[in-house]
Each structure stands twice: as structure tokens, then as C-alpha cells.
Asker: 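Before anything else, here's the structure in question.
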There are 2 protein chains.
Amino acid sequence: MDAGPGRPLTVDADVHQSLPDLTPHLPRHWRERWAQTGLGVGTGYHNPRGVLRQDTLPPDGGPPASDPLFLLSDHLDRYAIDYAVLTGPFVLPLGHDPDYLDAVARAVNDATAAGWLGVSRRFRGSVLVNADDPEAAVAEIERCGDRESVVQVLMATTTREPCGRRRYHPIYRAAAERGLPVALHPGAEGAGGAAPPTPVGYPSRYLEWHSLLPLTAMAQLASLLCEGVFEAFPDLRVVLVEGGVSWLPSLLWRLDKNYKALRDTTPWLRRLPSEYVAEHVRLTSQPIEEPPHPQQLEQVLAMVDAGRTLMFSSDYPHWDNDNPEVLFRRVDPAVRARIMGGTAAELYGLDGPPPPEQLPPHRSGGAADVLQPTGYHE
Amino acid sequence: MDAGPGRPLTVDADVHQSLPDLTPHLPRHWRERWAQTGLGVGTGYHNPRGVLRQDTLPPDGGPPASDPLFLLSDHLDRYAIDYAVLTGPFVLPLGHDPDYLDAVARAVNDATAAGWLGVSRRFRGSVLVNADDPEAAVAEIERCGDRESVVQVLMATTTREPCGRRRYHPIYRAAAERGLPVALHPGAEGAGGAAPPTPVGYPSRYLEWHSLLPLTAMAQLASLLCEGVFEAFPDLRVVLVEGGVSWLPSLLWRLDKNYKALRDTTPWLRRLPSEYVAEHVRLTSQPIEEPPHPQQLEQVLAMVDAGRTLMFSSDYPHWDNDNPEVLFRRVDPAVRARIMGGTAAELYGLDGPPPPEQLPPHRSGGAADVLQPTGYHE
């Protein structure tokens with residue numbers, strides 16, 4: 001890897017490490033529950049492809065993305081990715097017992113610190129929080145937010161109320177005070193105590209459910225903007241992970257237009273909704289939309305000011321993983337460099353290429369026989 | 001008006017006639033309820049601008065759009081609109097007593113026939129149905145669908161389940177058998193028994209609620225496509241009224257991509273989702289998105305194949321009414337002619353300009369003092 005100064009970085013903003021055994025990190029009284037039911041609520045949607053790439057099983061066993069050394073070789077080295085932002089094996093759905101979900105969040109964060117962030121500085125971590133219990137979420141940000149290699153707070157895109165509402169503000173305050181962006185990641189849409197994943201109820205199948213996941217990101221972005229979250233927390237940055245990209249112009253045009261007519265109903269706002277997005281919001285790219293005509297994607301990237309707002313992500317090792325070698329090939333090289341790492345490096349404070357590391361010997365080939373599902377289903 | 005053969009028609013696909021007094025058209029036992037509570041459920045969102053243009057009050061009294069002769073002069077003549085498709089004073093929200101809503105639908109349809117469709121052939125009517133009671137909706141289509149000047153079935157975009165599901169199929173069968181498109185119109189989002197208008201619950205204010213209305217249209221389109229409604233009813237046409245336009249490419253790109261991976265889960269589909277849209281789905285234009293750069297709207301219109309899918313609408317007399325004189329001015333004239341009327345004329349079977357009519361004398365100036373709300377809030 002070329003480590004010369006000024007070399008453009010490549011940063012993958014959405015990589016899912018697996019944590020097959022959370023048990024040692026859970027309090028004794030939750031271990032049996034975790035072993036028996038895991039998160040305990042599901043979305044009810046089934047992807048017959050599975051949700052994990054069948055070619056990513058580590059040669060030494062375990063489910064995909066459970067071996068940090070293999071992930072380094074199989075994904076980061078293979079595609080010359082400098083850093084991977086780890087987004088964990090799942091986000092927390094809206095379950096019913098906040099204490100249990102709070103404990104699972106702590107276990108995920110401790111398992112990630114022990115098993116991943118300590119292995120390589122090329123891994124950057126998220127503080128998973130149970131946003132449905134804001135007080136506990138703040139405590140978790142205080143507990144883990146200053147840890148080595150932690151770069152953001154991570155919560156489910158699905159919340160019980162629109163996420164701009166006041167009950168969630170303590171989370172944003174705690175994150176902004178530490179310079180940590182708050183990332184929203186799908187996967188909990190329609191699960192547990194969540195509202196139906198569409199305004200007309202529950203889609204019948206995974207194809208429809210997955211295609212409509214952007215609805216949740218759209219609703220949350222509108223809430224953050226209209227509730228004035230970015231006025232209340234001027235240092236806050238929000239990352240919409242895996243929520244789609246090409247809906248953004250449509251929503252912002254509509255919000256800007258309506259804001260011009262109705263701004264007296266949101267007097268706490270001082271700029272157009274789209275202006276807050278340019279400064280405060282970033283989106284990850286996977287699964288990138290694939291228009292029939294490549295120039296249409298270029299047009300959309302210009303509409304979203306992709307050089308400023310968009311960050312490459314692969315979603316490794318998930319089923320619809322985007323391959324960085326074929327992404328954004330027609331895009332202006334300077335814009336592409338921003339997408340592939342420049343914007344993420346700024347957002348996450350990555351000042352240069354990772355220094356050389358001494359890693360233990362490991363097998364870099366891939367082979368395996370059994371796929372195990374993780375908690376993620378998108 | 002030039003009535004020469006071959007003249008391009010201008011058709012307004014969304015005009016809201018007011019029906020201030022439904023009472024004579026309601027059975028005696030519902031009249032008191034209507035007088036006391038009207039539809040009885042609201043969305044809970046307030047637009048301080050009001051929802052009706054303050055300059056459209058008829059000079060002879062009554063609320064905006066309550067005088068068909070004044071509407072002809074104030075809107076159709078003023079903008080050289082040949083035909084207006086009437087979409088009524090409201091769509092039916094998800095209330096609790098189906099019998100009451102069924103009766104209101106019948107009253108709206110009878111009042112429209114008596115007070116509007118009989119006045120001028122330039123008005124074309126919708127059969128309002130309570131989609132939540134499909135059997136009654138079918139009966140209403142049978143009762144009114146063959147009436148003079150009726151051109152479509154109209155239901156709320158908001159339904160209790162995604163509208164592609166089987167319980168709604170009898171409505172589509174009855175409409176398709178008569179060659180009537182089914183129009184979905186917003187206004188009931190989050191009201192009564194509806195699911196929350198976003199996957200994360202209820203927005204706090206009208207600005208946010210109104211900006212997110214496209215979510216409902218997106219979910220319904222995905223449901224119609226994924227459930228195979230257009231395979232089951234090859235003659236069915238669906239009109240998404242007032243649901244936004246520029247989100248369509250994003251949703252179809254995502255649906256097409258996912259369909260390629262998961263088509264075995266919807267074996268009843270034989271084409272890409274986007275191909276069904278091109279043949280079976282039309283969108284109305286108001287409120288048209290207003291990008292910061294005009295060429296971005298042109299790009300979006302190309303992405304949605306606007307010459308095939310998009311139909312001009314004004315939403316007269318609502319607050320955010322689009323003025324046809326300033327719409328689509330940069331668009332290729334042939335495409336613009338399709339948008340402004342060609343596509344609607346085909347869809348609704350309008351074979352040529354309306355013949356000259358003898359209308360009773362009426363005042364065409366405008367003036368008034370009091371605005372009365374209608375059932376529509378979008």
C-alpha cells in the first residue's frame with residue numbers, strides 16, 4: 001500500500017463485522033435470553049438469497065466477517081481500502097424491554113473493542129445505542145465515545161417517533177459534544193414495536209420491503225430538518241447509511257418549496273432545508289441505484305452534490321454488497337475521490353493512510369460450507 | 001376556443017369541485033351526522049395558509065370551486081383548459097363505520113353528477129369509492145361507472161393495507177372492466193384508522209407531513225407492482241394524483257435492481273417493475289418539484305419518461321395550485337403537449353375539443369369575504 005503523504009484515502013463507510021459470541025460481554029442474567037432468542041423480534045421478511053455473501057466465509061471457520069484478519073485481506077486489501085467503518089452485526093429493533101436492549105448494545109460495543117478495534121487501526125468503530133432509551137444511549141456514548149478508534153454513534157433508522165423529536169435530542173447533544181457523527185442504519189423497519197414500514201402497512205415480501213427502506217430514511221431526514229435539530233446542535237453531523245441516494249433531490253426540492261410557503265410554522269429554522277443537508281448530512285452509497293442510462297446516475301450525483309454529501313460504502317459482507325472497483329467509474333475523478341474517501345476522512349477525522357501494522361499470520365484464502373444468518377436483514 | 005381538428009388538448013387532471021351541501025344526497029339517517037361532524041376524522045395537521053386559494057371565491061357566494069360556471073371562467077377559460085377531471089371535495093379517510101363512508105361516497109357521486117357533470121361536458125367525473133369496503137366500492141362503480149362524463153374511479157392513496165393486496169382486487173377488476181383508470185389521491189394520510197404517515201410515526205407539523213406525502217404514493221406503487229396487479233388486470237390503469245413526480249426514478253431503479261435478484265419471490269411478474277409503470281401508471285404533475293437549476297427538472301422529466309407518464313394538473317383551487325402558464329416552459333414542445341393534455345386525452349378517452357356549449361349567464365369576476373375549509377388538507 002502506498003503510504004505517501006497526500007494520497008487520496010479510500011474509506012468504506014459501512015462494513016458489518018460479525019460478533020458470533022456476545023455471551024461473554026453480557027451480564028449473567030441476560031445470557032440465557034440471548035442464547036435462546038437473540039434480539040427476539042424480526043421484521044418478518046425473508047430473503048431467499050440469504051443476507052450474507054456466500055463467498056466471504058473465513059477459512060478458519062465462523063460466519064462471514066467474523067474474522068478480522070480475513071476481512072482485512074478479503075476486503076480491505078483486495079480493494080485497496082484504507083479504513084473500514086464498522087457498523088456491527090445488527091442495529092437494535094424496537095423491542096419491549098429497554099434494559100435488555102441496552103445490555104445488548106453494551107455487549108456489542110465491548111465485543112467490537114476487544115475483537116476488532118484492537119486488532120487493526122484500519123477498523124474504526126461505532127457506538128451502538130438503543131435510541132429508544134435516550135438516557136441509556138447517552139450513558140453508552142459517555143462510556144464508549146472516547147475509546148480509541150471510535151468514530152460515530154450508531155442507531156437504527158427506525159425509531160418509535162420521528163427522530164428529530166425532543167426525546168432524542170440528548171443523544172445528539174452527547175454525540176456532537178464529542179465530535180461524533182450519528183449514523184442511522186436500516187434493518188429494524190417494521191420489527192417489534194415499530195410503526196408499519198410504510199404509511200399503508202406491511203408489504204407482503206422482502207423485495208417490496210427492501211425496495212421501500214428509503215421511506216424511513218426520508219422520513220427521518222425530514223424530521224431532523226423540520227424540528228431544527230441542526231440549529232439546536234450546530235456541530236451535529238448525521239450519516240444516513242444504506243438508505244438510498246437518488247430520492248434525496250426529490251425530498252429536498254419538496255421541503256424547500258414548502259418551507260418557502262410555511263416557514264412561519266418552523267421559526268427556529270434559518271436556512272432552507274437543503275442548506276442544512278449540505279452542511280450536516282452525509283449519505284453512504286450502497287446499494288447504489290443503477291439507472292438504465294449511466295448518465296442518469298451522473299445527473300443524480302450532481303443533484304445531490306455527491307462530492308460533498310456522498311460516501312462510498314460496500315455493505316460487506318451482505319448479499320447486495322457493492323464492488324468498489326466498478327462504482328462511479330464515469331464520475332469526475334475529483335468528485336470520485338471525495339466519494340471514495342475524502343468526505344469520510346474529513347467526517348471521521350482520518351488524517352492520512354494507516355501506518356504499517358504487524359499482524360499475526362493468518363490464512364487469506366476463502367472457503368466454507370455453512371452460512372449463518374446475522375441480525376441484519378437488509 | 002379553437003375547435004379545429006387535431007388541436008392539442010389541454011386537460012387538467014386534478015380539479016377539486018366543492019360540494020357545500022351533501023345533505024340532500026344522503027339518506028335521512030346520516031344527515032344529522034354529516035351536518036354535525038362531516039367525515040369525523042382529520043389528519044391533525046394545520047396549514048396556516050389555509051388549503052384554498054383566497055382569490056377563487058365565486059362572486060355569487062359559496063366556497064371556492066362551488067360554482068361550476070365560475071370555475072369554467074375562472075380556471076378553464078382563463079388558461080385555455082379544454083377539460084377538467086373533477087376529483088371532489090375530499091377522499092375518504094379510514095373511518096370506523098363503513099356504512100357511513102359508503103353513504104358519503106354515494107352522496108358525493110350523486111351531487112357531482114347533478115351539479116357539475118350535467119352543467120358542462122368540459123367537466124369529467126370520478127367515482128369516489130370507499131376502498132376500505134371493497135364490496136361497496138364495486139357496487140358504487142357498477143352504479144356510477146357508466147354515467148355520462150365519468151372517466152375514473154377515485155380512492156384515497158391511504159388504505160388500510162398496501163393497495164396491491166388481494167382485498168382490493170375486486171375494485172380493480174370492476175374498474176378495468178369498464179375501462180376506468182383508478183386514481184389514488186392523498187389527503188387521508190395518518191387520519192382515522194390509517195397507519196402513521198411515516199414508518200417512524202407522526203410528523204409534528206403540516207410542513208413535514210405534506211413534504212412526506214410522496215411516501216404513501218411510493219409504497220402503493222411498489223405494492224401494485226410487486227403484487228402483480230397489472231398481470232392480474234392487464235387493462236388496469238392507475239393514476240397517482242398529487243403524489244409528487246421526481247421520486248419515481250429512484251423507486252423504480254431500486255425495484256428493478258431488487259427484482260433482478262429476487263424475481264423468484266414474485267414469479268407472477270414477467271417484466272421489470274419499471275416496464276409495468278410505463279404501460280399502466282400515470283402521474284399528475286402538481287405540486288411539481290422546483291429544483292434550483294431548471295435543467296434538473298428536465299433531467300427528471302426524461303428519467304420518468306414524462307411524455308408517456310406525466311399529466312398536467314393544477315389542483316385548483318388548493319393553496320399550492322400550479323399555474324399552467326409557467327409549467328414546463330423549457331420542455332420539448334412535443335413532450336409538453338403530451339403532458340398538458342395528450343396523455344390524459346388518451347387515458348380518459350377525450351377524442352377532441354369540447355363542442356360549443358350554451359351556458360346560462362353568470363358573473364365571471366371574483367370577490368368574496370369568507371373562506372370555508374374543505375375536507376382536503378393537502
Side-chain angles (χ1 to χ4, degrees), chain A residues 47-49 158-163 165 189-190 194-208 210-212 214-216 218-220 222-223 226-227 244 246-247 249-251 253-259 261-262 264-266 274 287 289-292 296 299-300 303 319-320, chain B residues 47-49 158-163 165 189-190 194-208 210-212 214-216 218-220 222-223 226-227 244 246-247 249-251 253-259 261-262 264-266 274 287 289-292 296 299-300 303 319-320:
Chain A
N47 181 339
R49 299 290 85 71
T158 292
T159 51
R160 203 173 296 268
E161 298 177 39
C163 75
R165 292 177 71 121
E189 280 75 0
T198 87
V200 290
Y202 294 86
S204 304
R205 296 166 198 89
Y206 183 94
L207 164 61
E208 188 181 340
H210 186 278
S211 297
L212 292 171
L215 268 54
T216 310
M218 294 169 76
Q220 296 290 42
S223 178
C226 293
E227 300 281 4
S246 57
W247 51 263
S250 174
L251 179 66
W253 296 339
R254 191 164 171 120
L255 277 166
D256 281 359
K257 183 173 178 175
N258 278 341
Y259 175 68
L262 297 163
D264 57 323
T265 64
T266 53
S274 60
E289 291 89 352
E290 296 178 13
Q296 294 175 329
Q299 291 169 350
V300 166
M303 291 174 191
W319 71 290
D320 53 350
Chain B
N47 181 340
R49 300 291 83 73
T158 292
T159 51
R160 204 173 295 269
E161 298 177 37
C163 75
R165 292 176 72 122
E189 280 74 0
T198 87
V200 289
Y202 294 87
S204 303
R205 295 166 200 88
Y206 183 93
L207 165 60
E208 187 182 340
H210 186 278
S211 298
L212 292 171
L215 269 55
T216 310
M218 295 169 76
Q220 296 290 42
S223 177
C226 293
E227 300 281 4
S246 56
W247 51 262
S250 173
L251 179 67
W253 296 339
R254 191 164 171 122
L255 277 166
D256 281 359
K257 183 173 176 174
N258 278 342
Y259 175 69
L262 297 163
D264 56 324
T265 64
T266 52
S274 61
E289 291 89 353
E290 296 178 13
Q296 294 175 330
Q299 291 168 351
V300 166
M303 292 174 190
W319 72 290
D320 54 349

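The chains referred to below are lettered A, B, ... by the order of the sequence lines, with proteins before strands, and numbering in each begins at 1. Any value given below was found using the heavy atoms of this structure, including those in side chains, with hydrogens, waters and symmetry copies removed.
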Asker: Looking at V300(A), L212(A), L251(A), which has the largest count of heavy-atom pairs under 4.5 Å with chain B?
Answerer: L212(A)

Asker: Could you grab the distance from atom OG1 of T198(A) to atom CE of M218(B), nearest 0.5 Å is fine?
Answerer: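 Taking OG1 in T198(A) and CE in M218(B), the distance rounds to 11.0 Å.
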
Asker: So which heavy atom on N258(B) is nearest to which on W319(A), and how close?
Answerer: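 Minimum heavy-atom contact is OD1-CH2, 3.8 Å.
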
Asker: To the nearest 0.5 Å, tell me how far E289(B) CD sits from L255(A) CG.
Answerer: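 Interatomic distance, E289(B) CD to L255(A) CG, rounded to 0.5 Å: 11.0 Å.
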
Asker: Below 4.5 Å from any heavy atom of chain A, which atoms of A222(B) appear? Answer side chain, backbone, both or neither.
Answerer: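 Contact with chain A is through both the backbone and side chain of A222(B).
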
Asker: Indicate yes or no: at least one non-hydrogen side-chain atom of V200(B) is less than 4.5 angstrom from one of C163(A).
Answerer: no

Asker: What part of E189(B) gets closer than 4.5 Å to chain A, counting heavy atoms only: side chain, backbone, both or neither?
Answerer: neither

Asker: List the atom of S250(A), the atom of W247(B), and the distance in Å for their closest heavy-atom pair.
Answerer: OG-N, 3.3 Å

Asker: Which atoms of P291(B) are under 4.5 Å from chain A, going by heavy atoms: the side chain, the backbone, both sets, or neither?
Answerer: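 Backbone plus side chain of P291(B), per the 4.5 Å heavy-atom cut-off to chain A.
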
Asker: Who pairs with Y202(B) by side chain to side chain contact (heavy atoms under 4.5 Å, CB included), at least two apart in sequence or on another chain?
Answerer: Y45(B), P196(B), P197(B)

Asker: What residue in P203(A), P214(A), S274(A) has the most heavy-atom pairs under 4.5 Å with chain B?
Answerer: P214(A)

Asker: Side chain, backbone, both or neither: which part of T159(B) has a non-hydrogen atom closer than 4.5 Å to chain A?
Answerer: both

Asker: So L262(B) and E208(A), do their side chains get closer than 4.5 Å, heavy atoms only?
Answerer: no

Asker: What part of D256(B) is in contact with chain A, defined as an atom under 4.5 angstrom from a non-hydrogen atom: side chain, backbone, both or neither?
Answerer: neither

Asker: Heavy-atom pairs under 4.5 Å with chain A - which of A219(B), G201(B), P162(B) has more of them than the others?
Answerer: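 Of the candidates given, the most pairs with chain A belong to P162(B).
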
Asker: Can you check whether Q296(B) reaches P249(A) side chain to side chain, under 4.5 Å on heavy atoms?
Answerer: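 No, every pair of side-chain atoms sits at 4.5 Å or beyond.
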
Asker: Hey, which of A194(B), S204(B), G190(B) has the most heavy atom pairs under 4.5 Å with chain A?
Answerer: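 Most pairs with chain A among the choices: S204(B).
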
Asker: Going by heavy atoms in the side chains, are P287(A) and K257(B) under 4.5 Å from each other?
Answerer: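 P287(A) vs K257(B): side chains touch.
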
Asker: Using the test salt bridge (Lys or Arg N to Asp or Glu O under 4.0 Å), find all partners of E227(B) that sit at least two apart in sequence or belong to another chain.
Answerer: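 Per chain and number, E227(B) pairs via salt bridge (Lys or Arg N to Asp or Glu O under 4.0 Å) with R205(A).
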
